[in-house]
Amino acid sequence: MRFRDTLSGEVKEFTPIAEGRVNIFVCGPTVYDYIQLGNARTFVFFDMFVKYLRAIGYEVFYLQNITDLDDKTLTRAKEEKKEWDEVSNFYYKAYLDDCKSLDIDSVSHHARATLYLEEIKSQILRLIKLGYAYASSDGVYFDTSKFRDYGKLSKQNLDQIIMGARVEIRASKKNPQDFVLWKLADDKPNWNSPWGSGRPGWHIEDTAITEHFFGPEYDVHGGGTDLIFPHHEAEIAQMRSISGSKFLSKYWIHGAFLNFKGEKMSKSTGNVVKVRDLVKSSPGSAVRYFLLNSNYSSEMLYTDEVFQSSVEGWKRLQKAFSIANSFHKCTEECRIEKDSADIIAFMDDDLKTREIIASLHDIASEIFKGKVAEKQMITYVHKFRFANKFLGIFSEQATNLGQIMGPLLQVRKELREMGLYKESDMIRSKLKDAGIVIEDKSGETTWSIGG
RNA sequence: GGAUAGGUGGCAGAGUGGUUAUGCGCGGGACUGCAGAUCCCGUCUAUUAGGGUUCAAAUCCCUACCUAUCCUCCA
């Protein structure tokens, strides 16, 4: 398998440190508000990625941090007149709910930053001892001039960063681009430390957490492209300075942005679409379809119109899946891997989920033409089910419902033959309310989930 | 100013040297109790512009213009 690695800037062959096992870390949200669709793009992508790795036999530990304390948390707490941890507990739970609505359930462990204060302080202590960090008037800073590879991930040149003139100039820093490891603070929440009571800086929580679970090196680090600089750059500087290792994560994957009318979807510009609002009107699987029907490394556009046209495409595919699935039950593993060589090939070539979806649409067209031989239909079902293991774009409820739908449709057919259309239409309309769409074609009636 | 991606039909968005991407939309027809879906046909030379390499370029090279993101918290 190969995919785009940010550090080398190339599409690279994937070989984990330990054969058959993958340790992956993905930056989670700062829980001070509901997540929006742009966040979801990244989280759905990595959920899909991890599920695929598992589907092809890797043992994966998927670790995600939760930033449960930040300046934004404190601002929010003030606004809502609540304690900071009430705010982060509330939005952490909301985050988990939103993930659930999008079928994101592959994370092995969520690590909350404030539960790792000892690990954080230990790292800062070691950085100071080794001469990479210094205590200053308002906190402890990482001395970026001591770490030669600072800027390598983002391919930035330190001199030019300074020329950017947007770097905070503070007298307490030795270099403008130095970043804070520990912020001194007298107000709560704060914790004791050898440098005075205060709060951890943002970048240090991730390396403290990953060192705790994985040690100084692991296989894949993921996140959105906005985190490349300075966040991930800082993580590399922190951990490699401590470990002396050549790398922190062997591979770096960054998901591109979801944009809204030419600009990034962000809270500051107020153009966000919250996940919980979107899933009220569209199934989570349709949202996943929309997000995965793109290249993870390319920016994509969201507008209501574009999203709705994507939902139409999803409906078509879902219908084809339901038809195939009711035609052939595949409860066990069957031959799904063997029949899915083309899908595996697409994934192995830079995780081309969009190509997979296009190929499923080709299958859908064949199914709708109604001339698919039984043997062929079985391989189609296998492909659908294999792809769905990681794409998660089809509702699978169809299999259980089949037992009820058969007899029910038979009754309705008899009603229609007797000309009792009022009664038969009522059945159709009630089923639609329940999320089941039935359609009459010459001679037979089909049903599917969604619509 | 620097860095990184890009500029493809009405819309979204694949494709890295030669073949119909795919979906949505639009027009016409078929099917139908109605609805919906589906099928068939069509949607004019779709590849930012100008050079170059090549038998052949959306795909490689050069130039120009344009866009997004990052350089500040951000998925």
Side-chain angles (χ1 to χ4, degrees), chain A residues 4 6 9 26-30 32-33 35-46 67 70-72 75 151 153-168 177 202 222-231 233 254-259 262-269 289-290 293-295 297-303 305-317 319-320 323 346 352-362 364-365 367-371 416-417 419-422 424-425 428-429 432 437-443 445-446 448 451:
Chain A
R4 184 166 291 281
T6 312
V26 175
C27 288
T30 301
Y32 74 103
D33 200 351
I35 61 162
Q36 42 92 355
L37 196 59
N39 301 303
R41 185 185 184 191
T42 302
F43 300 140
V44 165
F45 168 74
F46 284 104
T67 304
D70 182 270
D71 289 347
K72 291 188 289 284
T75 309
L153 181 72
S154 55
K155 290 153 189 76
Q156 296 273 357
N157 175 315
L158 283 192
D159 302 334
Q160 285 154 353
I161 292 172
I162 298 163
M163 273 168 65
R166 290 210 284 174
V167 178
E168 185 185 9
Q177 67 273 24
W202 175 42
T225 53
D226 54 336
L227 297 180
I228 296 172
F229 192 93
H231 185 53
E233 205 75 72
H254 288 96
F257 279 121
L258 178 70
N259 292 333
E263 51 180 33
K264 171 182 159 184
M265 190 175 276
S266 75
K267 282 161 193 155
S268 56
T269 48
Y289 172 93
F290 171 70
N293 198 193
S294 70
N295 263 351
S297 54
S298 304
E299 288 172 12
M300 65 184 291
L301 178 76
Y302 175 92
T303 65
E305 294 73 27
V306 167
F307 179 73
Q308 280 313 318
S309 70
S310 167
V311 171
E312 292 307 311
W314 170 80
K315 281 182 190 169
R316 181 179 165 84
L317 217 48
K319 189 184 296 293
I323 292 170
F346 282 132
K352 290 196 164 60
T353 52
R354 189 167 227 288
E355 297 291 327
I356 293 171
I357 289 173
S359 76
L360 296 181
H361 271 292
D362 289 338
S365 296
I367 289 171
F368 288 135
K369 280 173 195 163
K371 290 175 187 166
R416 291 175 68 222
E417 279 165 357
L420 298 170
Y421 294 122
K422 211 181 252 178
S424 68
D425 285 359
R428 179 170 65 194
S429 122
K432 195 180 181 194
V437 178
I438 62 174
E439 292 157 74
D440 297 318
K441 296 172 189 175
S442 45
T445 300
T446 62
S448 56

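Letters go in sequence order (proteins before strands), and every chain restarts at 1. Side chains included, hydrogens not; waters and symmetry mates left out as well; all remaining heavy atoms used.
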- Task: Can you tell me, in whole Å, how much space there is between the C1' of B:rG7 and that of B:rC44?
- Result: 23 Å
- Could you tell me the separation between the CG atom of A:N295 and the P atom of B:rU69, rounded to a whole number of Å? 19 Å
- Which nucleotide in the set B:rG33, B:rG13, B:rC24 lies at the smallest distance from any side-chain heavy atom of A:M300? B:rG13
- Note on the structure: When rounded to whole Å, the CD1 to C1' distance for the pair A:I323 and B:rC39 reads 12 Å
- Starting from C1' on B:rC31, measure out to CD on A:E439 and report it in whole angstrom. 13 Å
- Message: Would you measure the distance from the P atom in B:rC41 across to the matching atom in B:rG51 and give it in whole Å?
- Response: 39 Å
- Nearest-nucleotide wise, let me know which of A:Y421 and A:S294 is further upstream toward the 5' end of RNA chain B. A:S294
- Rounded to whole angstrom, note down the C1' distance from B:rG6 over to B:rC31. 45 Å
- Query: Given the C1' atoms of B:rG10 and B:rG36, what is the spacing between them in whole Å?
  - Reply: 25 Å
- Rounded to whole Å, the CD1-P distance (A:I438 to B:rG33) equals 15 Å
- salt bridge (charged side-chain N to carboxylate O under 4.0 Å, His left out) against A:K371, all qualifying residues, sequence neighbours excluded: none
- Item | Nearest-neighbour nucleotide for the A:Q156 side chain, B:rC73, B:rU38, B:rG2 considered | B:rG2
- Message: Requiring both pairing distances under 3.5 angstrom, list the stems that contain RNA chain B and are made of three or more consecutive Watson-Crick or G-U pairs.
- Response: B:1-7 with B:65-71, B:10-12 with B:22-24, B:25-30 with B:38-43, B:48-52 with B:60-64
- Message: Quick check: any donor-acceptor pair below 3.5 Å linking the side-chain of A:R354 to the base of B:rA21?
- Response: yes
- What interatomic distance, in whole Å, is found between C1' of B:rG18 and the corresponding atom of B:rA56? 6 Å
- Query: Do A:Y289 and A:I357 come within less than 4.5 Å of each other through their side chains, counting heavy atoms only?
  - Reply: yes
- Query: From the list B:rG23, B:rU22, B:rC70, which nucleotide is the closest neighbour of the side chain of A:F229?
  - Reply: B:rC70
- Note on the structure: Taken in chain and number order and not counting sequence neighbours, the residues that satisfy salt bridge (charged side-chain N to carboxylate O under 4.0 Å, His left out) with A:R416 are A:D440
- Could you tell me which residues satisfy side chain to side chain contact (heavy atoms under 4.5 Å, CB included) with A:T225, sequence neighbours excluded, listed by chain and number? A:I228, A:H254, A:F257
- Query: Does a side-chain N or O from A:R316 land closer than 4.0 Å to OP1 or OP2 of B:rA37, or not?
  - Reply: no
- Residues forming a side chain to side chain contact (heavy atoms under 4.5 Å, CB included) with A:P29, sequence neighbours excluded: A:V31, A:I35, A:F43, A:I66, A:Y95
- Item | Spacing between A:N259 atom CG and B:rU67 atom P, to the nearest angstrom | 14 Å
- Residue whose nearest RNA chain B nucleotide is more 5′ - A:E312 or A:K155: A:K155
- Task: Can you figure out which of B:rC73, B:rG33, B:rU69 approaches the side chain of A:S424 most closely?
- Result: B:rG33
- Nearest atoms (heavy-atom pairs only) where A:K72 meets A:T30: CE-CG2, 4.3 Å
- Message: What's A:S298 touching, base or sugar-phosphate or nothing? Going by heavy atoms closer than 4.0 Å.
- Response: sugar-phosphate
- Shortest side-chain distance from A:R416, nucleotide among B:rC34, B:rG23, B:rG15: B:rC34
- Message: Taking only the C1' atom of each, what is the distance from B:rU47 to B:rC11 in whole angstrom?
- Response: 16 Å
- Task: Tell me which nucleotide among B:rG33, B:rA37, B:rC11 gets nearest to the side chain of A:V306.
- Result: B:rC11
- Message: Distance check needed: B:rA75 P versus A:F257 CZ, whole Å only.
- Response: 9 Å
- Counting side-chain heavy atoms from CB outward, which of B:rU69, B:rA75, B:rA35 is closest to A:L227? B:rA75
- Atom CD1 of A:I228 and atom P of B:rA5 are separated, to the nearest Å, by 10 Å
- Message: Please report the distance separating the P of B:rC62 from the corresponding atom of B:rC26, rounded so that it comes out in whole Å.
- Response: 43 Å
- No-H, no-angle donor-acceptor pair, A:D425 side chain to B:rG33 base, under 3.5 Å: yes
- Message: So, under a plain 3.5 Å distance rule, would you say the side chain of A:D226 forms a donor-acceptor pair with the base of B:rC73?
- Response: no
- So do the side chains of A:L37 and A:R41 get within less than 4.5 Å of each other, counting heavy atoms only? no
- Note on the structure: Atom CD of A:E305 and atom P of B:rG23 are separated, to the nearest Å, by 21 Å
- Task: Classify the angle between the aromatic ring planes of A:F290 and A:F307 as parallel (below 30°), tilted (30 to 60°) or perpendicular (above 60°).
- Result: perpendicular
- Query: Checking only heavy atoms, does the side chain of A:R428 share a donor-acceptor pair with the base of B:rG36 at less than 3.5 Å?
  - Reply: no
- Query: Taking the side chain from A:E233 and the backbone from A:L153, do they hold a donor-acceptor pair closer than 3.5 Å?
  - Reply: yes
- Task: For A:F368, enumerate each residue passing the side chain to side chain contact (heavy atoms under 4.5 Å, CB included) test, keeping only those at least two apart in sequence or located in another chain.
- Result: A:R316, A:K319, A:A320, A:I323, A:A364
- Note on the structure: With the side chain defined as heavy atoms from C-beta on, A:T30 is closest, among B:rG33, B:rU22, B:rA75, to B:rA75
- Message: Measuring to OP1 and OP2 of B:rC40, would you say a side-chain N or O of A:K369 lies under 4.0 angstrom away?
- Response: yes
- Gap in Å between the two C1' atoms, one belonging to B:rU63 and one to B:rU53, rounded: 15 Å
- Message: Using the side-chain heavy atoms of A:L301, tell me which of these nucleotides is nearest: B:rG13, B:rU4, B:rC71.
- Response: B:rG13
